[in-house]
Protein chains: 2
Amino acid sequence: MAEIQSLAKGLKILNLLEHSRNGMGTTEVATQLEIDKSSASRLLHTLAKYGFVEQDQLTARYLLGPQLVTLGQHLLNRITLRDHARPYLHELVDKTGECAHLAILAQRQALYIDQVESTAALRVESEIGTLSPLYCTALGKILLAFGDSRIPDELTPFTHRTVTDRSTLEAQLAQTSKRGYAIDDEEYNYGVRCVAAPVYDHKSALVGAIGISGPAGRVTLERIDEFGSVVVSIAAALSARLGYDFNLR
Amino acid sequence: MAEIQSLAKGLKILNLLEHSRNGMGTTEVATQLEIDKSSASRLLHTLAKYGFVEQDQLTARYLLGPQLVTLGQHLLNRITLRDHARPYLHELVDKTGECAHLAILAQRQALYIDQVESTAALRVESEIGTLSPLYCTALGKILLAFGDSRIPDELTPFTHRTVTDRSTLEAQLAQTSKRGYAIDDEEYNYGVRCVAAPVYDHKSALVGAIGISGPAGRVTLERIDEFGSVVVSIAAALSARLGYDFNLR
DNA sequence: ACGTTTGTTGCATATTATGCAACTTTAGTT
DNA sequence: AACTAAAGTTGCATAATATGCAACAAACGT
């Protein structure tokens, strides 16, 4: 179906603004979208009118607006999985000492919807709301292996360990579904290993993935299986909490 | 300036979806916006293409999409005030035993950007991301009294204590700026009293408000001044943290 | 004070969003 | 299972509107 172009342009502006650190001016937006600055000006005014962008008082540059917080938070609150998963994420942190994450599938990527940090003192940059590729993160591999997503056409490498070969990845996914947990061995971020397992709902449908991530020095390959079984058992407990019936499998 | 109408329609759809519990269908959206269902269909498809709405797999109804979480959370993370204020909110909770909130001005309303709950057990519905009126909440009154917003034309009552008279409100705001804290005496929610104080940045400009809210039974009128001075002193400490120089006042 | 860059407005034109109608699909009812 | 009703999508002609241009205004830096 043909898209409504002026709406699409407005949405593209929002995406542009996400990736700009200090906002953007009218001309800058116009250049990026390859439209006239008059059009950019009018689109920005419309977005501002509804609170989706906001002008910095000082620099007059456009920033993402409060309405996005309102709508985004509203949606997060509706995602009940998040509420149910909270205590299990804490349990994961308690048992492994590493950071715990919860992700769901969105836009063919892994959307992080909650996070519990290991040490409150050492605050990691919050990753809630970020999208990550499916093929090189543990949470993503779970969504690939147990869900019905396809492997993307392009396997862009992030580190030298990122699996860029399709058949290698397929073999990994087969192994993942067999043993029940997925591993990210410094495939997305250097020095970070992750382990994840699937979460099912009452209808035995995959709803998300939970997992842990930590420095490769602590999450060693020798202890991976150990971490794996912890993650799997807690993911299973969460699934049971959601009404998942193990007898149905 | 004239708004781009098709973009505006798309944004209106997002606002509509926020207030629907179980999503909306194409026809329903069309009816609400008073446009043809073919237009609604095309707008929804465009929104979906960019992840701003999502179709429920089961019911085929449209819901707010993950892109809003991504953008909203992204913005929240950028609001550094929130990070700085965290420990002060906890301090407020420790000293008063009530819930603490942080709000900024957005869209001529008070946007709650963080919250620390008093008792972890008794979880209050999360209010982060919600917009509240300025004229009948403590946080809002601070933004009115110390900021440069105008009193809205319509003072819609929420309880029988809501101040709907313009001059009465002006007198309250004058009193507020004199004593340094604002009170909401069951003016927005029955049984809830709130106390709030202003937060300034390094340039002595108002950046937000912090405050506490609790049941009228605990936050009694006799103890209001006591709560007020606690809130004021912590708000001042936070302002100092942000580089606010008291000698400049 | 100057030129330079950025943002806004008026207007004619061409693009595009729109409503209508026909059609397809899904859900509900007898 | 057959039928009816409602919801959603697509093609198409037309009307609406978004667009670029140009001129203008404002802010910035030299």
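Letters go in sequence order (proteins before strands), and every chain restarts at 1.
When rounded to the nearest whole Å, the span between CE of M24(A) and P of dT6(C) equals 12 Å. For L44(B) and dT10(D), the CG to C1' distance is 16 Å, given to the nearest whole Å. Remark: C1' of dT8(C) and NE2 of H45(A) are 7 Å apart, rounded to the nearest angstrom. Rounded to whole Å, the distance from CG on L43(A) to C1' on dT17(D) is 12 Å. Distance, K49(B) NZ to dT9(D) C1': 17 Å, rounded to whole Å. In this entry the distance linking CG of L7(A) with P of dA17(C) reads 9 Å, nearest Å. Here the C1' atom of nucleotide dA7(D) and the CG atom of D36(B) are 13 Å apart, to the nearest Å. Put simply, CD1 on I4(B) is 13 Å from P on dT8(C), counting in whole angstrom units.
In the set dG7(C), dA17(C), dG8(D), the nucleotide with an atom closest to the side chain of S6(A) is dA17(C). Comparing atom distances between the K37(B) side chain and each of dG8(D), dT8(C), dT19(D) picks out dG8(D) as nearest. With dT19(D), dG7(C), dT18(C) as the candidates, the nucleotide lying closest to the side chain of S39(B) is dT18(C). Closest approach to the Y62(A) side chain among dT8(C), dT9(D), dA17(C) is made by dT8(C) (side chain taken as heavy atoms from C-beta onward). Here dG20(D) is the nucleotide among dA17(C), dG20(D), dT8(C) with the atom lying nearest to any side-chain atom of I35(A).
Taking the six-membered ring for Trp and thresholds of 30 and 60 degrees, Y135(A) and F158(A) have ring planes inclined between 30 and 60 degrees apart.
The base of dG19(C) sits within donor-acceptor range of the side chain of S38(B), with an N or O pair under 3.5 Å. Contact annotation: side chain of R42(A) to base of dG20(D), donor-acceptor pair present below 3.5 Å.
With respect to Y62(A), the side-chain contact (heavy atoms from CB on, under 4.5 Å) criterion is satisfied by exactly one of H45(A), M24(A), E54(A): H45(A).
OP1 or OP2 of dT9(D) lies within a sub-4.0 Å distance of a side-chain N or O belonging to S41(B).
Using a 4.0 Å heavy-atom distance criterion, E3(B) is classed as a sugar-phosphate-only contact.
Taking the ring centre of Y88(A) as origin, the terminal cationic atom of R86(A) falls outside the region bounded by 6.0 Å and 45° from the ring axis.
A salt bridge links K141(B) with E187(B); the closest basic N to acidic carboxylate O contact falls under 4.0 Å.
Side-chain contact, R42(B) with T46(B): no donor N or O sits under 3.5 Å from an acceptor N or O.
Of the residues near DNA chain C, K9(B) and E28(A), the one whose nearest nucleotide (by heavy atom distance) lies more toward the 5' end is E28(A).
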